[in-house]
Structures are given as C-alpha cells and as structure tokens.
Visitor: 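First, the structure itself, so that you have it in front of you.
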Amino acid sequence: MVKLNEVSPIDYNNTSVRDPQSSIINIDQTTTTQSRTLWEQIRTKKWVRIVLLILRSGDTEKTLSTEATTTITTETTTMITTGTTTTTMIITTTITTATTTMIITTTTTTTIATTTTSGSCLLYTELASFNSATILLNSILLADINKDTKLDIIVGNRFEKTIMIFLNLDDGTFTQSKTVSHKIEPSHITTGDINNDGKLDIIATYRDAPDITVFYNTGNDNFNNTMIIPTEVPIADVKTIDINKDNKLDLIVACSFEECIIVFLNDGDGVFSKQIRYEPTYFPLDLEVIDVNNDALPDIITRHDHYKITVFLNTDNGNFIEQKSTSISLDSRFIKAIDINGDNKSDLLVGYSSSFQIHFGFGNTTFADPIEHCSNYGITSLETADFNNDNKIDIILSHSDSNKISIFLNTGNGTFKEPKILDNINHPKYASMIDINSDGKVKLVIANDQTIGTLDFRC
C-alpha cells in the first residue's frame, strides 16, 4: 500500500544542520522577555552606557569604541512557531549616545520551534511508504517525464516489480501519476527519447534477465507500449546517448557475468538492429559516458573488479578503442565522471566505504594521482549537484548507518569546505538534489528501504 503526500512523524526539533561556519540556536521564551525589557529601558532613556548582547554566531567578538556621537540601529527577527502558525516579530532599536562602548556578537538565525511539522531549518515530506524493503536505490532518478520543464522522480520498486512516477506539481509537492508494471524486478533505470517522437521513454534492466525493456511514452504519462531487446547476457548497467552523432539515441550496457560491453545502435524508430560487442581486459562493474578528450564525441568509462578504471575512446563511428587503465583503491563503490574544478576537462570521482577521491583529468584520457577526502561515516550513496546555486558542483553523501547526510561545498577549484552535516535523517540510502520549480531553491530527494520523500531547506 502506498501512502502519498503525508508529513513524516519525525521529530524535526531534533533534525538539524551543523555547519562549522554557522550556527542554528534554539532559544526559549525568556529571550523575547529580555528583548521587551531592553526596549522598555531604551524608551525611558534610563541607560547612558549600554552593552548590547546579541546571540552568538561563530566565535569572533568585535569591540567598537568611539568618542563621537554615534547612532546605531539594530533589527532583531524572532520567529516563533506554534502548532501550524508562525509569527515573526521585528524589533528596530535606535540608540544615540555621545560615548558608547559596545561588545557585539552576531547571529544568522534565531528560531523558537515548538511543533513537529517544521524543524529549525528542515521540512520533510513523505512521498510514499512501503510495507517491506522494496526500493532498489540504484533505480531512482530525476527526469522531466511530461515536458513541463520540471524534474519528476522515477523509482524502481523491487518488491512489487513496478516503476513508479512522481510528477512535480510545481508547488513543492509531488503526486504519484503512474505505476508501470513488469514481470521482473527493475535494477537499473534510465530515460531518453528512443523513437524520436519528442517524449521521454523509460529504459529498464532487470536482475538476472538477459534483456532490456523500453517503455514508450505515449503521452498523458502513459507507458503502455513496450519493446524487449534481447542481450543474451544479464546487464549490470545501461546508459542512453547518441554515440555516432546521427541524432538517434543509442544504448550502452555493461554485462553482469561476462567481460563485455555492448553498444546497441538505434535505427531511428526505436529499433536496434546493430550490436557491437567489446571484451575489455577487466570485468566491468558500471559505466559512465562522457566526452573525455573534448572532441565532441561521448567516450565510455568503466569501473572494474580489478581495482581499475578504463577509458574507451570513441572513434566517431560507434567504435571504441580501449585506453590504458587507471589504478584505484581496493574497495571502490561509486564512480562519477564530471568536471569538478571548472577547467572544461572531465574528472573522475571515485567513492569508497568512508571517503572519496578525485582524479583530475588532463583532457587526453589520462588522470592525475588522486586527492582523497575522508568522511567520518560510512557512505551508502554519492551524488553530485549544485547545492547552493553558485555554479559549482558539490558532493552529497548519504550515511545510512549514522542517520546523516553530508554535503561538501565546492570552492570552485576542486577543493571543498568542511561538510554540512544533516542529522537525524532516517537511514538514508540515497540522497540527490532537485530544484522543484527552477527558482534556485533546492530540495533533497531521500530514500531508504521503507520510504521516499523530499527534504526542504527553510533557512
């Protein structure tokens, strides 16, 4: 049974953001009383020497001293949340004195939260809940499925053997529009306009099944027509991209139990009559497809079971040439190919059990020695996105065993600030960023084995 658009019963007063460069402080009603007392004393002009204390943010104190006449205007915002009502009080204070010594420590946010419907900064909305461990986390992706310029959520449900589509309503919420059923558990999902009709189709592979299924989008969010593409071997990963620049989306798959990569060339109407099979030196575990050498042709990058990463260079006609492999550490779990430092060269991001490494690319299929960034918690997923809308790619890690999510903010040159830590997240196994309505305000899509939902940042 699926339950939709409900607010999670999590105690959001215990859900917090910890940032070494900022603070979130919960205070009680005495602060408001102190502010009124200060205001009354200022109104009666009983103070000649004033020491104004404001809640701290950071550890720096500034002392200001002047002999001239000084006018100081302060504005304090206090937000009080009770039940479902939020009241904001703004107090403006003007002080004029001939000689003033002030000790000032500032704060960014002061919030009194006494409700479970919104926390100090975070609001969690549950999209769906499941009766058992049903979500297969590598089958969650974000795509505009109905051409309204808003990202929707697509989820593979292992237990019920379905693919669920949550449509973005553009008001911060989602609705489950369709459930696509099939006979086998979905393991990997991607999207693309396979038959060039202007509609985004869904492509899925299934555990232990030697085929690929294309669910054609027939409009109005219906996926009634399907096509089965036999592969002879089970598939570990699948990508859609135009390999040979003929404006037709092709398929690239990594085999599950054999050392092979197969390219399926699209005839143009969704039929894949030509297959090109490659047998790499090492067993491929997963794929990335990106232009490694800046020749406007997509290349293939694979992570192997022999602790290596290999680039297969595209030769313009759908054929690939295997390049020299790059060695990685023993327990790699994730691979992302992306320009992380903004130099227009593809870099490799490799995730491990409790750290990630960046191999900066030279633009010629080779990479520099890795730079490692450690986490204090075990990593269950690694995603990249522009979290703070500064045009720099940040890194998002989920930590299921620790009930946390880490966000590493990119400084712009491939180095990162101390991570923001989101606490008290219920066993997150997947976390990715989504801009609901293209307004620059982001949410996290979070999933575990029982639920999928969004986390809204309110401050």
Side-chain angles (χ1 to χ4, degrees), residues 141 143 188-198 200-201 203 205 212 214 229 231 235-255 259-304 308-328 334-350 358-368 384 393 414:
L141 74 157
H188 287 264
I189 300 175
T190 189
T191 59
D193 183 4
I194 295 299
N195 55 353
N196 285 332
D197 65 351
L200 205 60
D201 308 308
I203 301 93
T205 63
I212 303 169
V214 178
I229 304 173
T231 60
I235 302 304
D237 199 0
V238 59
K239 304 295 183 185
T240 58
I241 197 163
D242 181 7
I243 287 295
N244 50 1
K245 299 179 66 175
D246 62 354
N247 297 317
K248 304 166 188 173
L249 280 184
D250 309 302
L251 300 178
I252 304 175
V253 302
C255 306
E259 292 180 350
C260 70
I261 298 171
I262 305 175
V263 176
F264 296 83
L265 295 179
N266 192 340
D267 292 343
D269 54 0
V271 176
F272 298 85
S273 60
K274 184 178 180 180
Q275 301 180 15
I276 305 175
R277 180 183 174 111
Y278 300 90
E279 295 183 355
T281 305
Y282 306 104
F283 189 97
L285 298 175
D286 46 27
L287 300 171
E288 283 284 277
V289 181
I290 195 170
D291 182 7
V292 174
N293 57 347
N294 289 327
D295 63 353
L297 294 172
D299 308 301
I300 301 174
I301 303 176
T302 64
R303 182 175 64 98
H304 304 289
K308 294 181 181 296
I309 291 176
T310 303
V311 174
F312 292 81
L313 202 60
N314 193 339
T315 61
D316 194 22
N317 56 359
N319 293 313
F320 294 85
I321 300 176
E322 183 174 351
Q323 307 297 296
K324 182 180 178 181
S325 298
T326 300
S327 297
I328 56 177
F334 320 97
I335 176 176
K336 295 283 183 183
I338 195 169
D339 180 8
I340 203 72
N341 59 348
D343 64 353
N344 296 318
K345 299 173 184 176
S346 299
D347 309 308
L348 291 180
L349 180 62
V350 184
I358 298 176
H359 300 251
F360 290 111
F362 294 125
N364 58 0
T365 76
T366 61
F367 300 88
T384 57
I393 299 298

Visitor: Return the minimal non-hydrogen interatomic distance between Asp291 and Ala296, and the atom names on each side.
Guide: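 What the structure gives for the nearest pair is OD2-N, 2.8 Å.
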
Visitor: Would you say the side-chain atoms of Asp250 pair up with the backbone N or O of Asp242, donor to acceptor, closer than 3.5 Å?
Guide: no

Visitor: Among all residues two or more places apart in sequence or in another chain, which pass the salt bridge (Lys or Arg N to Asp or Glu O under 4.0 Å) test with Lys336?
Guide: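 Checked Lys336 against salt bridge (Lys or Arg N to Asp or Glu O under 4.0 Å); matches are Glu383.
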
Visitor: To the nearest 0.5 Å, what is the distance between CG (Leu349) and CG (Asp339)?
Guide: 12.0 Å

Visitor: What is the minimum heavy-atom distance between Gln323 and Thr310, and which atoms define it?
Guide: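 Between these two residues, the closest heavy atoms are O-CG2, 3.5 Å.
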
Visitor: If you compare all heavy atoms of Ala337 against all heavy atoms of Ile301, which two are closest, and at what distance to 0.1 Å?
Guide: CB-CD1, 3.8 Å

Visitor: Quick check: closest heavy atoms across Lys345 and Gly363, and the distance to 0.1 Å?
Guide: CD-N, 4.0 Å

Visitor: Show your working on side-chain contact (heavy atoms from CB on, under 4.5 Å) between Asp201 and Asp193 and close with a plain yes or no.
Guide: CA-CA 5 Å; Asp201 308 308; Asp193 183 4; 3.9 Å; yes

Visitor: How many angstroms lie between atom CZ of Phe264 and atom CZ of Arg277, to the nearest 0.5 angstrom?
Guide: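 Answer for the CZ-CZ pair, Phe264 versus Arg277, is 9.5 Å.
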
Visitor: Please round to the nearest 0.5 Å and tell me the distance separating atom CZ of Phe360 and atom CG of Asn341.
Guide: 5.0 Å

Visitor: Are His304 and Tyr282 an aromatic pair by the rule of ring centers under 6.0 Å?
Guide: yes

Visitor: Please report the interatomic distance CG(Leu249) to CD1(Ile243), rounded to the nearest 0.5 Å.
Guide: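 Between atom CG of Leu249 and atom CD1 of Ile243 there are 10.0 Å.
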
Visitor: Is a side-chain N or O of Asn266 found less than 3.5 angstrom from the main chain of Lys248, in a donor-acceptor match?
Guide: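 Between the backbone of Lys248 and the side chain of Asn266 there is no qualifying donor-acceptor contact (under 3.5 Å).
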
Visitor: May I ask you to decide if Thr191's main-chain N or O and Thr240's side chain share a donor-acceptor pair within less than 3.5 Å?
Guide: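 Pair found, side chain donor or acceptor close to backbone of Thr191.
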
Visitor: Show, in sequence, the C-alpha distance, side-chain angles and deciding distance for Thr205 and Val253, and conclude whether the side-chain contact (heavy atoms from CB on, under 4.5 Å) test is met.
Guide: CA-CA 10 Å; Thr205 63; Val253 302; 5.5 Å; no

Visitor: Hey, does the side chain of Asn314 reach the backbone of Leu297 with a donor-acceptor pair shorter than 3.5 angstrom?
Guide: no

Visitor: Using the rule side-chain contact (heavy atoms from CB on, under 4.5 Å), only one of Ile261, Ile309, Ile335, Leu285 pairs with Thr302; which is it?
Guide: Ile261

Visitor: Rounded to the nearest 0.5 Å, what separation is found between the OG1 atom of Thr190 and the CG atom of Leu251?
Guide: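 Reported to 0.5 Å precision, the distance equals 9.0 Å.
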
Visitor: Please answer whether the main-chain N or O of Asn344 pairs with a side-chain N or O of Asn294 as donor and acceptor at a distance below 3.5 Å.
Guide: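 Answer holds: yes.
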
Visitor: Could you walk me through whether His359 and Ile328 pass the side-chain contact (heavy atoms from CB on, under 4.5 Å) check?
Guide: CA-CA 10 Å; His359 300 251; Ile328 56 177; 4.0 Å; yes

Visitor: Please report the shortest heavy-atom distance between Gly414 and Ile358, naming the atom on each side.
Guide: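 Distance-wise, the nearest heavy atoms are O-CD1, 3.9 Å.
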
Visitor: CG of Leu348 to CD1 of Ile340: how many Å apart, nearest 0.5 Å?
Guide: 11.0 Å

Visitor: Report the relative orientation of the aromatic rings in Tyr278 and Phe320; use parallel for angles under 30°, tilted for 30 to 60°, perpendicular for over 60°.
Guide: perpendicular

Visitor: Give a yes or no on whether the backbone of Ile252 and the side-chain of Lys239 come within a donor-acceptor separation of less than 3.5 Å.
Guide: no

Visitor: So which heavy atom on Ser346 is nearest to which on Val292, and how close?
Guide: OG-CA, 4.1 Å

